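Have a look at the structure below before the remarks.
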Amino acid sequence: MLDIKLIREQREFVKKEIEKLYVSAPIDAIFELDASKRKLLSTVECLRNQRKSLSKEIEKERDENIKLSKKNEVKKINELIKNGEEDLGSITHRLNDLMLLVPNLPYEDVPIGKDDTENIVVSYFNEKKQFDFKPRTHFDIGEKKGLIDFERGVKISGTRFYVLKKAFAKLQRALINFMLDVHVNDHGYEEVYPPFMVHEDCLTGTGQLPKFADTLYKDSDSGLWFVPTAEVPVTNMYRDEIIDAEMLPVCHVAYTACFRKEKMSAGKDTKGIKRGHQFDKVELVKITTPETSMDELFNLIADAQDILNKLDLPHRLVKMCTGDLSFSASVKYDIEVYAPGVAEWLEVSSCSNFMAFQARRANIKYRRGKDSKPEFVHTLNGSGLALPRTMIALIENYQTKDGNIKIPGVLMPYFGSDELL
RNA sequence: GGAGAGAUGGCCGAGUUGGUCGAAGGCGUUCGCCUGCUAAGCGAAUGUACGUCCAUAAAAGAUGUACCGAGGGUUCGAAUCCCUCUCUCUCCGCCA
């Protein structure tokens, strides 16, 4: 959520910034609603003040007649208050609804562009592997060796579900543990294991709701939503809290399954395990002071990249342009790993600084000093990394000519002693 | 799932014959005094949000309103009375 004061005081600036995102937002309507809300609020507060003082007079009044007339006076005021409160309620409600639909503003150095074609590749890391044969796709390998069962996945759960078997199931488990250990031991994150189902407030807090309800799964019975990313439960751990300044930055790493309807991508990426309704992910979340959030973003990106470096996988860092920023992000960098079988750069991590946008929605604050007023924190997150796509890259990059996969050394303690699958 | 108890400020904890309660008291914290140092003692301060005024880079200041788990009701007036919900705790049952 944006600061309403920013819209109040610098409406044209906000509109100009939103234009850069190639989306529309009801800034003018918000401005008008805010003005009428404040006007009405003053009126109602003034009336309540009158009621208060009259009530006190009634208490002390000895004359029954005067008392009665004053009571009637308050009753009339109460009518006015009631009407005012109803209007105020509906205006506030409408204002809030609109505010929740306004995306975050882009950070100053975000390149302007209308879609992903205008993103900027910042740099490349690790050499692409050379093959003296045509590299196969992960789904080709997986099916032939009986390590991915697409048919049964579809049988039990429908399209975009698959079953990992034997060495592939184990490989994913090994990767999860490897990633968690690296982030905890080498990068200093604190591991958390959060719920995979959350209250609606959480999704509003991190910005998935109300706009993207149709991409999320929900249990209508309990009203709980399945998390589309660990960002949601982990960031919301601190909802409605004031964090001690000494605790910052808060750095968490969490493994969760993630659930997404993928309606926007209907028909896209239907082959393989690139895009399923359920996938595993190790997520990095940081909560920082406003001053340090940009530095922490680059630390976070480096931490995510470190996994790929340790696995010696070719990847590149891509800076998102304004038109490709996600709803809540102010800056976003994607890490894309190269998979030679499908011959694609796969997004394995999306690292964002949300500035105070989520903090404002989720009401997460910190105190600069003992006597300082609470201020909103900055929140960040990025995958570290998404499992299926890391799997794809690992399988396709480490395949041998005879159809096996060589396990990288760093994974040996996790996967076991088998050199080949 | 059955029975009972509870939810108050950073914490503990009063307040339940409705008004002077944003809320006693204690602890903690901050500042000052005292002290060779520390402790103790003494004095003062110490919630959040939003609005208005002032000011405008911001803060501070003044003032108003709301908030005693959440929502609704009774009343001139509710932390206090009534209803609904949520959560926590204890006991019993059931179960991974």
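So that the names make sense, note that chain A is the first sequence line, chain B the second, and so on, each numbered from 1. Remember, it's a predicted structure, so these values are computed and weren't measured experimentally.
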Please tell me which of the listed nucleotides, [options], lies nearest to the side chain of [X]?
X      : options                : result
A:S55  : B:rG19, B:rG64, B:rU48 : B:rG19
A:R367 : B:rA58, B:rG51, B:rU48 : B:rU48
A:K52  : B:rC76, B:rU65, B:rU52 : B:rU65
A:E9   : B:rA58, B:rU48, B:rU52 : B:rA58
A:R8   : B:rC76, B:rG51, B:rG64 : B:rG51
A:R38  : B:rC76, B:rA66, B:rU52 : B:rU52
A:L41  : B:rG64, B:rU48, B:rC50 : B:rC50

- Message: Which residue in the set A:S350, A:S383, A:S349 passes side chain to side chain donor-acceptor pair (under 3.5 Å) when paired with A:D334?
- Response: A:S350
Whole-Å distance between [N] [atom2] and [X] [atom1]?
X      : N      : atom1 : atom2 : result
A:E375 : B:rU48 : CD    : P     : 12 Å
A:H93  : B:rG71 : NE2   : P     : 15 Å
A:E57  : B:rC76 : CD    : C1'   : 11 Å
A:E86  : B:rG72 : CD    : C1'   : 13 Å
A:L224 : B:rC87 : CG    : P     : 10 Å
A:R51  : B:rG19 : CZ    : C1'   : 14 Å
A:D201 : B:rU86 : CG    : P     : 15 Å
A:D240 : B:rU48 : CG    : P     : 15 Å

Determine the interatomic distance between [atom1] on [N] and the same-named atom on [M]; round to the nearest Å.
N      : M      : atom1 : answer
B:rA70 : B:rU86 : P     : 15 Å
B:rA39 : B:rG32 : P     : 14 Å
B:rA59 : B:rC50 : P     : 11 Å
B:rG4  : B:rU84 : P     : 14 Å
B:rC34 : B:rG41 : C1'   : 8 Å
B:rA23 : B:rA66 : P     : 13 Å
B:rU29 : B:rC12 : C1'   : 15 Å
B:rA3  : B:rG9  : C1'   : 33 Å

Side-chain N or O of [X] closer than 4.0 Å to phosphate OP1/OP2 of [N]:
X     : N      : result
A:N49 : B:rU65 : yes
A:K70 : B:rC76 : no
A:K5  : B:rU56 : no
A:K37 : B:rG51 : no
A:N78 : B:rG77 : yes

- Do the side chain of A:E45 and the base of B:rG64 come within less than 3.5 angstrom through a donor-acceptor pair of N or O atoms? yes
Cation-aromatic face contact [X]/[Y], 6.0 Å, 45 degrees:
X      : Y      : value
A:K406 : A:Y398 : no
A:K261 : A:Y217 : yes
A:K281 : A:Y255 : no

Going by purine N1 to pyrimidine N3 plus the second Watson-Crick contact, or the G-U wobble pair, all under 3.5 Å, which nucleotide sits opposite [N]?
N      : value
B:rU20 : none
B:rG9  : none
B:rA3  : B:rU90
B:rU75 : none
B:rG47 : B:rC67
B:rC34 : none
B:rC95 : none
B:rC53 : B:rG61

- Message: If we check side-chain contact (heavy atoms from CB on, under 4.5 Å) with A:H378, which of these qualifies: A:M355, A:Q358, A:M294?
- Response: A:M355
- Message: Suppose we call two aromatic rings close when their centres sit under 6.0 Å apart. Are A:F150 and A:F161 close by that rule?
- Response: no
- Query: Looking at the rings of A:F178 and A:F415, which for Trp means the six-membered one, are their centres under 6.0 Å apart?
  - Reply: no
- Message: Assuming nearest nucleotide by heavy-atom distance, tell me which of A:K56 and A:K365 is located more 5' along RNA chain B.
- Response: A:K56
- Mark yes when over 12 heavy atoms from residues, nucleotides or ligands other than A:Y193 sit less than 6.0 Å from its OH; otherwise mark no. no
- Query: When all nucleic acid strands are considered with a 4.0 Å heavy-atom cut-off, which category describes A:K373: base, sugar-phosphate, or nothing?
  - Reply: sugar-phosphate
